[in-house]
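Here is the structure we will look at, set down as structure tokens.
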2 protein chains.
Amino acid sequence: MPLKRHGNPSRKTYSEVNMVTIKQVSEKAGVSSATVSRVINNTGTVKEKTRELVMTAMAELGYRHNVVAASLASNKTHTIGYVVPELHGSFFGAMMGGTEQALRQAKKHMLIATGHSDAQIEKEQIDALLSRRCDALILHVEAVSDEYLVNLVHQGVELVVVNRFIEEIGDNCISLDNVKGGYLASRHLLDIGHTQIAYIAGSLFKADGKNRLTGHQQALADMGVEYTDNLTYEGNFQAKSGTEGIRALVARGAKFTAVACANDEMASGAMIALRELGRRVPEDVSVIGFDNVDFASYLSPGLTTIDYPVQKIGSMAAHWVLERVYGHTRHEYQHILSPRLILRGTTSSPE
Amino acid sequence: MPLKRHGNPSRKTYSEVNMVTIKQVSEKAGVSSATVSRVINNTGTVKEKTRELVMTAMAELGYRHNVVAASLASNKTHTIGYVVPELHGSFFGAMMGGTEQALRQAKKHMLIATGHSDAQIEKEQIDALLSRRCDALILHVEAVSDEYLVNLVHQGVELVVVNRFIEEIGDNCISLDNVKGGYLASRHLLDIGHTQIAYIAGSLFKADGKNRLTGHQQALADMGVEYTDNLTYEGNFQAKSGTEGIRALVARGAKFTAVACANDEMASGAMIALRELGRRVPEDVSVIGFDNVDFASYLSPGLTTIDYPVQKIGSMAAHWVLERVYGHTRHEYQHILSPRLILRGTTSSPE
DNA sequence: GCTTCAATTGTAAGCGCTTTCATTTTTTAT
DNA sequence: ATAAAAAATGAAAGCGCTTACAATTGAAGC
């Protein structure tokens, strides 16, 4: 006697009802279930006549492929796990958008999870995605150690790390040259005549925060301007910390005619503080951001910033996966992208 | 002879290696696989001693639960499918963030897909998510018909529609009172003395675009100001269309001292155009947006707008699912939320 | 017509887990 | 101590699909 399962007599949900199986289709079409599977997946060979028979049967029965069962049997889920620090804000969405667009065409799906820049949570999320047997992971993680990621790769986990470069698994990384970006920003300020340049850094425990600062320092060094901690404030990539940064800098008596910020949010915050203090942008103080998020151009004046080809990086991560994991050929990607300067209205030569 | 499967001798990926099964764990622990399943899922009863035995065995073997197999057997995937129009921008990410936060605590995951406001694509995505046997869907869809969604619900698909209200399945909808929001915005302008109010609408084929305009019209009517198409421009919710809107309005000779926009992006775009034309905000023209996205406060002056409790709506969608589909109790949600006015610096009384 | 080989289809063994039902063990009550 | 009830465990039948291999059919060559 067959077991009765999944019973919930009170409310029939979709999954409890209407579960037409491949078996039923095969019977209706008068073929074996293997053949039905073949037409569904377009594998093997099947005569045109048979295919039509099967298609008709599927349509008449309202068959819906059960991807879960298929995944178990084939050991492929066609699902990519994606860990991002947060979902809100303009940045991660744009990046995921780039990935999604590329994956959608290949009929892959994205299972997303947030890591909240917390090593513990990041690990749990990676674990969960692995348990769900994602074919590959795209990791935008900030707190977990390099070693941990290297280990994962050595265990055979197919993953690509974005916005972070780890030498040992460089092939699995796709990142922006943040040092160069930091350099470009400050170099621009120096080039137009500034020498007193404040710097509002991102969280320095994050690789990008650190690297952008390094770039800033290199630019100063290149131009023979001495770097001083007194002109640097460590923010946390949030707008508010930009505001606080300016206030703190001013409070400690720092003198500057320009301020470089590690991202656009903080630059916005800085601009707000500057205005509060009666300093005009860019006449009194020049401001430069980083990322070129969508709203950078909405500010007034438009924010001069460093372009982070975020969508491109997102799509490259997808291409990496498509090529490496699914064997799709001719997908192009590079491992380190270059930032570039976007001139708008918040920078000008000092008076 | 057992079949050999899943073979790819050249490169062993994670899923091909290290596949410890429940069976192996059960043997190592000297219990049946049913018992191992019980400790994993914390179901049924198992003696503390046995539990420890199993736990140890799992740890020693490095067991990882195979959620795909579990899903097939239990007919539950613990996955929620989420269709959003787009991934980029500040709006959808914030909403998904609200959902994710609530779902993460319940150990559910989100499979995301984008519909691009295209009925065909939206349907395909819904289909794909159903094939992946999501336990529930959260649909932020704009192009698909009400009827289609009603049908889905009648078929037993567990779904919640966000940002859209459909009478017949009102219980499955969580939305903002957009009419009220539109009303609030224009009413504010009227209250502070404006009577010549231009309106830059969102796409009118979308419910929210239409409803916000309706609210605007109601406010005018309430205050005895006649509505005229000449003062209305249909944009598409993108910043650029705000810019174009102002230009078009001015080009057609419309006279206005204030402009209400159907979202913050278009308001930003409008402000840019206004400045280009030498009109000061708010001295010459007041501007009000809608949504209160994160960057609204970064603009200068800060954008007066209507708050869309986006994160809250996101989390309510999650609560709906948790309660309805997973039987978690005491989850609170309401079906129609109220917008409210956020006063910042872009509106003032006409001179 | 008879081989030979390729194209097509079927058979059935899993994939790794959950869950019903039966069985065994333990506890409680008498 | 013993019966009855409760707790713990095990056996095994699926979940719906894929796929290796075998079997069949069809076409081509002689």
Side-chain angles (χ1 to χ4, degrees), chain A residues 1-8 15-27 29-54 58 61 63-78 130-133 135, chain B residues 1-8 15-27 29-54 58 61 63-78 130-133 135:
Chain A
M1 186 182 81
L3 298 177
K4 264 188 290 177
R5 307 271 301 289
H6 314 321
N8 178 346
S15 46
E16 288 160 0
V17 93
N18 195 21
M19 289 278 278
V20 180
T21 70
I22 229 178
K23 188 96 192 303
Q24 296 171 44
V25 173
S26 74
E27 278 160 10
V31 300
S32 75
S33 65
T35 299
V36 176
S37 175
R38 289 189 187 100
V39 352
I40 290 171
N41 297 296
N42 206 22
T43 55
T45 58
V46 23
K47 222 183 344 189
E48 185 54 27
K49 207 64 165 278
T50 323
R51 168 186 315 282
E52 277 163 20
L53 231 50
V54 171
M58 293 200 299
L61 293 173
Y63 173 76
R64 162 160 281 139
H65 193 47
N66 185 327
V67 175
V68 173
S71 294
L72 178 60
S74 69
N75 201 27
K76 279 232 165 319
T77 56
H78 302 284
L130 253 19
S131 277
R132 287 178 128 86
R133 308 227 89 91
D135 293 335
Chain B
M1 187 183 81
L3 297 178
K4 264 189 291 176
R5 307 271 301 289
H6 313 322
N8 179 346
S15 46
E16 286 161 0
V17 93
N18 193 25
M19 289 278 279
V20 180
T21 69
I22 230 178
K23 189 93 193 302
Q24 297 170 44
V25 173
S26 75
E27 279 159 10
V31 299
S32 75
S33 65
T35 299
V36 176
S37 175
R38 290 189 187 100
V39 352
I40 291 171
N41 297 297
N42 204 26
T43 55
T45 59
V46 23
K47 224 184 342 192
E48 185 53 28
K49 207 69 166 274
T50 325
R51 170 188 311 283
E52 277 162 21
L53 230 53
V54 171
M58 292 200 300
L61 293 174
Y63 173 77
R64 163 161 281 139
H65 193 48
N66 185 326
V67 176
V68 173
S71 294
L72 177 60
S74 69
N75 200 29
K76 279 237 165 314
T77 55
H78 301 283
L130 252 18
S131 278
R132 288 179 126 86
R133 307 227 87 92
D135 294 335

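Chain identifiers are assigned alphabetically (A, B, ...) following the order of the sequence lines, protein sequences preceding nucleic acid strands; residue numbering begins at 1 within each chain.
The minimum heavy-atom distance between A/Leu130 and B/Arg64, with the atom names listed, is CD2-NH1, 3.5 Å. The two residues B/Val54 and B/Ala29 make their nearest non-hydrogen contact at CA-CB, 4.1 Å. Between B/Met19 and B/Gln24, the shortest heavy-atom distance links the atoms O-NE2, 3.6 Å. Across every non-hydrogen atom of B/Thr77 and B/Arg132, the tightest pair is CG2-O, 3.9 Å.
Checked against C/dG14, D/dA12, C/dG16, the side chain of A/Ala73 finds its nearest nucleotide in C/dG14. In the set D/dC17, C/dG10, C/dA12, the nucleotide with an atom closest to the side chain of A/Tyr63 is D/dC17. Each of D/dC15, C/dG14, C/dT20 was ranked by its minimum atom distance to the side chain of B/Arg38; first place goes to C/dT20.
When A/Thr43, A/Val31, A/Thr45, A/Thr50 are each tested for a side-chain contact (heavy atoms from CB on, under 4.5 Å) with A/Arg38, only one passes: A/Thr43. When the options A/Asn41, A/Thr35, A/Val39 are evaluated for a side-chain contact (heavy atoms from CB on, under 4.5 Å) with A/Ser37, the one that passes is A/Asn41.
Rounding to the nearest 0.5 Å places CD of B/Glu48 at 11.0 Å from CG of B/Leu53. Note: B/Leu61 CG to B/Ile22 CD1 = 12.0 Å, rounded to the nearest 0.5 Å.
A donor-acceptor pair under 3.5 Å is absent between the side-chain atoms of B/Arg133 and the main chain of B/Leu72, judged by distance alone. Although no hydrogens or angles enter the test, the distance criterion places no donor-acceptor pair under 3.5 Å between the side chain of A/Ser131 and the main chain of B/Asn66.
Between C/dT9 and A/Ser32, no contact under 4.0 Å exists linking OP1 or OP2 to a side-chain N or O. Applying the 4.0 Å criterion to OP1 and OP2 of D/dT18, one finds that A/Asn41 has a side-chain N or O inside that range.
What separates CD1 of A/Ile22 from P of D/dC15 is a distance of 14 Å, to the nearest Å. Atom CD of B/Gln24 and atom C1' of C/dG16 are 11 Å apart (whole Å). The CE-P distance, from A/Met19 to D/dG16, rounds to 4 Å in whole Å. The separation between A/His65 atom NE2 and D/dC15 atom P is 17 Å, rounded to whole Å. Computed from coordinates, the B/Lys76 NZ to C/dG16 P distance equals 24 Å when rounded to whole Å. Note: CG (A/Leu72) to P (D/dG16) measures 12 Å, nearest angstrom. A straight line from NE2 of B/His78 to C1' of C/dT18 spans 11 Å, rounded to a whole angstrom. A straight line from CG of A/Asn75 to P of C/dA13 spans 21 Å, rounded to a whole angstrom.
Residues of residues 42-54 of chain B that place a heavy atom closer than 4.0 Å to DNA chain C do not occur.
Using a 4.5 Å heavy-atom cutoff, the side chains of A/Ile40 and A/Tyr63 are in contact. Using a 4.5 Å heavy-atom cutoff, the side chains of A/Arg51 and A/Asn42 are in contact.
Position along DNA chain D of the nearest nucleotide to B/Thr35 versus A/Ala69 favours B/Thr35 as the more 5'-ward residue.
Backbone-only contact: A/Val31 has heavy atoms under 4.0 Å from sugar-phosphate atoms and none from a base. Base contact: A/Ala34 has a heavy atom under 4.0 Å from a base atom. In this structure, A/Thr21 reaches the sugar-phosphate backbone alone: every heavy-atom distance under 4.0 Å involves primed, P, OP1 or OP2 atoms, never a base.
One end of the helix from C/dG1-D/dC30 to C/dT30-D/dA1 points its axis 30° away from the other end's axis, with each axis taken from 5 pairs and the angle rounded to 10°.
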N/O contacts under 3.5 Å, protein versus nucleotides 22-24 of chain C?
none

